[in-house]
Amino acid sequence: MKAFADKLFLNIFHIQAADSPYLALWYVLMMFLVSFILLNFAALFAGIASYVERRIAARMQNRIGPNLVGPQGILQWLADGLKMFLKEDLVPQTADKFIFRLAPYFVFAGLFGAFVALPFGYGIVAADLNVGIYYILAITSLVVVGIISGGWSSNSKWALFGALRSAAQIISYEIPTGLSLMLVVMLAGSLSTQSIIESQGGWPWEWFVFHSPFTLAGFFIFFISSLAEGNRVPFDLPEAESELVSGFNTEYSGLRFLIYPMAEWANLWVVGAMVTLTYLGGWQIPGVRLETIPSSVLLFLISITIFFIKTLAVVFIVIQLRWTLPRVRVDQMTLICWTYLVPIALICLIGTMIWMLAFPWKSVFGTAIRILMSTVGGSVMIWCMLRARHNYVIDKDRFEKLKGIPAWYPPWKLP
Amino acid sequence: MKNPAKVNEAIRHLKPQAAPFEEEMSLNFGPQHPSTHGVLNFLVVTDGEVMHQALPNIGYLHRGIEKLAEMTPYSGFMPYTDRVDYLAAMFANQVFAMAVESLAEIEVPKRAEYLRVIVCELNRIASHFIATGALALDLGAVTPFVQWLREREFINDIMEALCGARLTYNYMRIGGVSVDMPGDLPDKILRFLDHFEPIIDEYNRLISNNEIFVKRLADVAVISPIDAVNFGLVGPNLRASGIGIDLRKTLGYSVYPDFDFEVPLGKGFRGALGDAYDRYMVRILEMTQSCRIIRQALEKIPGGEYRANVKKKLKVEENEVYSRVESARGEMGVYLISDGTDRPYRLKIKTGSFTAMSIVEKASQGLMVADLIALIGSLDVVAPEVDR
Amino acid sequence: MKPAEVYKLLIDRFGEDLILAYVETRNPYIKINNGYVQAICTFLRYNPSTKFAFLSSISGVDYPQRNEIDIVYHLFSPFLNTLCVLKTSTPRDLPELESLESVWKVANWFEREIYDLLGVRFTGHSNLKRILLPDDWEGHPLRKDYKEKNSYHDMETMRPDPLKVLREKNEKSGKSQ
Amino acid sequence: MKENTTIIEQGVIVSTIDGVLNWMRKSSIWYLLFGTACCAIELMQAGGPRTDLDRFGAVFRATPRQSDLMIVAGTVTYKMAERIRLLYHQMAEPKYVISMGSCANCGGLFQRSYSVLKGIDKVVPVDVYIAGCPPRTEALAEGILKIQKIMMREKWLKTRGTKRNFI
């Protein structure tokens with residue numbers, strides 16, 4: 001960002017930024033601008049994601065979903081958010097009032113802090129930290145502080161349950177997350193998010209996920225454990241609605257409650273972007289090495305689009321999982337982590353090391369395996385899509401045959 | 001101490017409350033809780049996530065139906081029976097009608113019996129929809145539940161075409177049923193069954209064979225056959241423990257002996273015999289059998305009267321009877337004492353959920369809090385049936 | 001085995017002091033002495049020729065004119081496919097009976113329900129408390145002479161008859177006109 | 001009204017802001033998941049495919065703190081009534097109550113029962129009554145539309161603070 005700010009300064013004022021007496025002021029100004037943009041992006045994404053998730057869920061359940069607030073219900077998230085904003089802000093009498101009020105901000109800071117190091121396209125990142133991955137892992141851990149303090153200070157047993165579950169869960173799953181990220185760091189030789197993407201390529205066989213069987217396993221471990229860290233189904237234990245009423249946020253209302261779901265949906269983007277940038281090739285355009293050619297606006301835009309598409313695809317899968325799977329039990333949650341994910345991640349780490357030495361990136365065998373794996377992976381994806389299409393057609397047929405019994409129309413035939 | 005009030009006062013202090021457990025947390029679970037299936041309350045004593053005990057506290061929906069029966073004429077009591085078990089109202093209708101018919105020695109026409117069987121089995125399917133779907137919902141999977149709601153709407157439509165109500169049918173009458181089947185209804189029911197039978201497989205693919213779901217239910221809250229008998233479990237819960245008592249077979253009431261169907265038993269599908277998964281799976285399998293019965297009944301249904309000639313103001317001689325049917329939640333009994341007037345002297349309704357609730361205290365020991373939900377869901381407890 | 005045969009069996013085993021009568025109704029019942037319920041039920045449950053394994057229900061019936069409360073036990077034997085109905089009476093002023101909890105666990109809740117609604121006290125019961133009604137409820141509703149209280153805590157229990165209210169309103173307005 | 005009133009006091013801006021506030025409140029009704037008896041099944045069905053309350057932005061919440069609307073669906077006994085009052089007080093303002101079904105309205109079929117509360121309006125203030133035993137899902141949807149109409153009539157800026165003091 002610093003380089004970008006300097007360049008912008010030069011373009012606007014035609015002096016080197018370093019020579020200007022207003023350097024500090026300029027940087028502060030830029031900082032505010034960037035954080036304003038990021039915050040807005042995150043909040044907007046959280047809002048729209050909530051609407052989209054409800055529509056997808058409705059479609060999966062043969063419903064329609066919110067469609068009356070604004071055109072096709074697109075303003076639903078705005079109404080929800082503003083309503084919560086203005087609702088009475090209750091603080092239970094027996095709560096630890098200071099911590100109760102403070103807790104949501106930890107969650108807020110933790111998640112929105114992660115956006116600083118996340119790239120959006122070639123060269124578009126608020127701060128290309130040289131410890132980017134490490135920074136994201138560290139700052140998202142603040143979330144658990146917020147959840148625990150929120151649950152504990154509510155002085156409600158349900159909230160306490162949720163908070164303690166969350167503590168066990170997020171701290172356990174830090175380990176497989178970290179280990180599976182190590183694979184990528186090892187392959188890229190850097191912790192910076194941009195250079196991890198730069199060391200991958202645009203074609204699927206140049207992504208880290210298909211580098212070797214070990215990285216494929218690592219990809220799934222990373223995906224599962226980031227679901228767990230984001231409290232998504234099947235790991236939504238901290239707020240398990242049917243068990244703990246509403247988990248750690250049981251006693252929250254109004255604006256303070258609003259922050260929790262907002263952070264949860266913003267976290268969707270963090271999960272999607274992290275998976276994309278570490279394993280799925282980030283913003284790389286197939287056949288083009290962006291760092292070797294002169295920059296052009298078109299390529300910038302294409303790289304942003306590619307990054308967004310990949311991220312949103314991951315987000316879509318996460319949403320689909322949420323509305324399909326049941327929730328695991330709390331002991332199974334820790335069991336999955338400690339007896340499966342951690343050992344497998346360790347094996348993958350060692351395996352990848354050996355693979356890297358035995359079959360370097362450009363070796364024939366390594367490339368052949370990469371191409372083979374990516375072909376198989378792609379075919380599986382396409383098969384899944386065709387299967388979904390097939391089921392959809394069957395479903396349509398099936399309800400045709402029931403004409404006369406129902407006073408009900410499938411959503412796609414609503415009068 | 002002749003005064004009952006004083007006696008009660010004395011009894012109340014006979015057993016003082018147990019001393020609070022040390023290093024244990026007691027948690028008030030319900031009555032307003034998303035997975036208590038109505039208004040049930042449990043005092044859960046836990047040590048962290050592990051539960052030491054869950055003490056059920058019922059009566060939040062005690063509506064005094066038994067007392068109301070003493071104030072209501074026989075024919076007027078039918079709507080109340082709907083509300084005894086709103087998920088399977090037909091069975092309560094039937095058991096009450098059977099009791100009165102037995103006392104008043106009324107012969108029910110064959111066609112009425114067949115109609116009763118058809119609607120009862122449809123109702124059984126509808127009830128198992130909620131039982132199995134709500135269990136999935138409690139374990140965190142929303143979509144299967146909504147899928148069953150979608151299918152349930154078709155049954156509601158069929159019922160509505162038949163008797164005009166979606167939930168509390170009030171379809172049966174003493175001596176038969178209220179209205180005959182409309183001409184196009186058999187076709188509708190058959191089309192629904194054709195549509196529905198493949199959906200069971202789809203549902204199994206969606207949730208029954210889901211590994212997380214299986215792991216959540218298998219080997220959880222195992223009820224041994226001995227416990228099941230001791231605690232008086234009935235119906236699918238009892239059969240899941242491997243005891244094959246189905247009143248449709250053992251008593252052979254109504255016209256059930258005419259049909260060819262199997263009684264699915266629990267056999268430890270994915271874990272121990274009598275675990276939560278068995279109780280779930282028995283219900284899924286029962287749906288298929290109900291479809292079979294409906295198909296046969298629609299084939300064999302005779303013509304003729306659908307209702308015997310019964311006086312409007314029915315008076316019954318002094319007598320008593322205990323009639324039972326196999327409801328969706330197991331044996332449902334009505335103990336009816338008549339005294340020669342037009343209203344019952346005493347009517348006691350025995351339900352499956354009441355006894356199923358009493359086992360919670362025993363079966364919940366040592367489970368986790370999340371398993372309690374699986375236990376309640378798999379027992380398929382409905383609040384009004386517990387409290388009446 | 002029919003209920004009549006069960007009666008014969010019981011008479012042979014316990015004699016006429018304990019087994020009082022056999023009454024033909026739609027479901028014939030056997031009247032037994034109220035002091036020996038537990039012994040008779042244990043016998044019926046574990047005797048290899050009867051095996052009444054299931055306690056189907058326990059009901060209580062109030063008879064103010066006899067000044068007695070009848071307790072009715074419905075036992076079911078899948079082995080014989082027979083329903084056996086046992087009936088016993090206990091005085092209404094001080095109703096007391098043996099608990100069957102040691103024979104069938106399910107009796108626990110059935111007896112609590114009867115205690116709650118009819119006020120019969122069961123000796124040897126492990127947890128005889130109200131089950132359906134709140135702990136501070138007064139009276140036993142299923143007794144024939146039960147009178148509803150005017151209020152429970154601060155909630156009125158009566159609602160004015162809407163038709164009556166409407167009529168009164170009409171009359172008033174009619175008068176004012 | 002005084003003579004020299006400003007535009008704000010005349011209510012032009014006030015009513016616009018009120019309109020916006022009301023619009024978002026009515027567009028996002030989160031109801032408390034609280035079924036007591038038979039009507040609860042119809043309440044579930046209303047969330048299902050055919051009626052789909054989600055269209056109006058109405059979703060269920062399990063905790064009273066975050067819900068705007070309490071749908072009391074079904075018979076309420078005295079034992080339960082005290083819990084209902086507690087739940088009502090736990091909800092955050094602004095809050096509304098729908099009484100669903102005859103039992104909740106007036107005791108319905110169980111009016112003569114010794115343990116049933118004859119109408120929940122003896123315990124909590126009710127905004128909309130839905131008749132039926134049980135009401136159809138469409139009736140419930142209409143009840144929600146009625147609540148939306150009531151919400152649109154609210155004047156938040158004129159009546160500050162808690163507007164209802166009941167019990």
Side-chain angles (χ1 to χ4, degrees), chain A residues 50-51 54-55 57-59 61-70 72-73 75-92 154 156 158-159 239-247 249-258 260-261 399 406-411 414, chain D residues 17-34 44-69 86-87 89-96 136-138 141 144-145 148 151 154 156-157 160-164:
Chain A
S50 78
Y51 162 72
R54 276 166 75 176
R55 285 302 288 243
R59 191 56 184 266
Q61 299 168 351
N62 294 51
R63 294 189 286 117
I64 302 165
N67 71 339
L68 290 175
V69 188
Q72 281 298 310
L75 295 178
Q76 182 63 52
W77 61 277
L78 199 65
D80 280 343
L82 287 176
K83 182 209 75 179
M84 292 313 285
F85 201 83
L86 290 163
K87 210 165 157 55
E88 187 187 359
D89 186 11
L90 283 173
V91 180
S154 304
S156 155
W158 299 115
E239 49 194 320
E241 203 146 67
S242 56
E243 290 164 23
L244 301 185
V245 185
S246 195
N249 59 33
T250 303
E251 299 291 332
Y252 279 91
S253 69
L255 175 62
R256 272 169 236 284
F257 166 68
L258 176 64
Y260 286 112
F399 289 108
W408 174 77
Y409 300 86
L414 208 81
Chain D
I17 296 174
D18 262 343
V20 174
L21 291 184
N22 290 337
W23 170 79
M24 66 210 190
R25 277 185 178 129
K26 81 154 207 205
S27 310
S28 151
I29 303 172
W30 292 4
Y31 58 91
L32 181 63
L33 189 66
F34 185 49
M44 276 189 221
Q45 297 275 31
R50 209 178 285 183
T51 311
D52 193 15
L53 292 183
D54 201 10
R55 285 179 299 153
F56 311 108
V59 291
F60 69 78
R61 295 296 308 172
T63 155
R65 302 273 189 214
Q66 293 148 19
S67 25
D68 313 304
L69 170 67
L86 186 69
L87 284 169
H89 288 306
Q90 280 177 343
M91 284 165 70
E93 288 282 347
K95 50 191 173 187
Y96 300 85
R136 298 175 61 95
T137 50
E138 291 90 330
I144 297 229
L145 292 178
Q148 288 187 341
M151 283 177 174
E154 301 280 13
W156 297 103
L157 297 183
R160 280 164 177 276
T162 8
K163 67 191 166 63
R164 278 168 291 180

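Proteins get letters first, then strands, A, B, ... in listed order; numbering begins at 1 in each. Computed from heavy atoms alone, side chains included, the values below leave out hydrogens, waters and symmetry copies.
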| Closest heavy-atom contact between A:Leu90 and D:Gln90? |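 Smallest interatomic distance, heavy atoms only, reads CD1-O, 3.5 Å.
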| said: Testing the basics here: between D:Asp52 and A:Gly65, what is the closest heavy-atom pair and its distance to 0.1 Å? | reply: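 For D:Asp52 versus A:Gly65, the nearest heavy atoms are OD2-N, 3.0 Å.
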| remark: Honestly, the part of A:Gln76 sitting under 4.5 Å from a heavy atom of chain D is side chain
| query | Tell me, side chain or backbone of A:Asn249 under 4.5 Å from chain D's heavy atoms, or both, or neither? | reply | both
| field | Which of D:Gly48, D:Ala58, D:Ala92 touches chain A most, by non-hydrogen pairs under 4.5 Å | value |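 Max contact count across the listed options: D:Ala92.
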Heavy-atom check, side chain of [X] versus side chain of [Y], under 4.5 Å:
X       : Y       : answer
D:Trp30 : A:Lys83 : yes
D:Ser28 : A:Met84 : no
D:Arg55 : A:Pro66 : no

| Separation of A:Glu88 CD from D:Asp68 CG (nearest 0.5 Å) | 11.5 Å
| Rounded distance [0.5 Å steps], CE in D:Met24 versus NZ in A:Lys87 |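 It is 11.5 Å, given to the nearest 0.5 Å.
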| request: Please determine, among A:Leu78, A:Asp89, A:Val69, A:Leu75, the option with the most heavy-atom pairs under 4.5 Å with chain D. | output: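 Highest number of heavy-atom pairs under 4.5 Å: A:Val69.
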| Among A:Gly81, A:Gly73, A:Ser253, who wins on heavy-atom pairs under 4.5 Å with chain D? |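 Top option by heavy-atom pairs under 4.5 Å: A:Ser253.
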| query | Hey, does the side chain of D:Gln66 reach the backbone of A:Tyr252 with a donor-acceptor pair shorter than 3.5 angstrom? | reply |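 A pair under 3.5 Å: yes.
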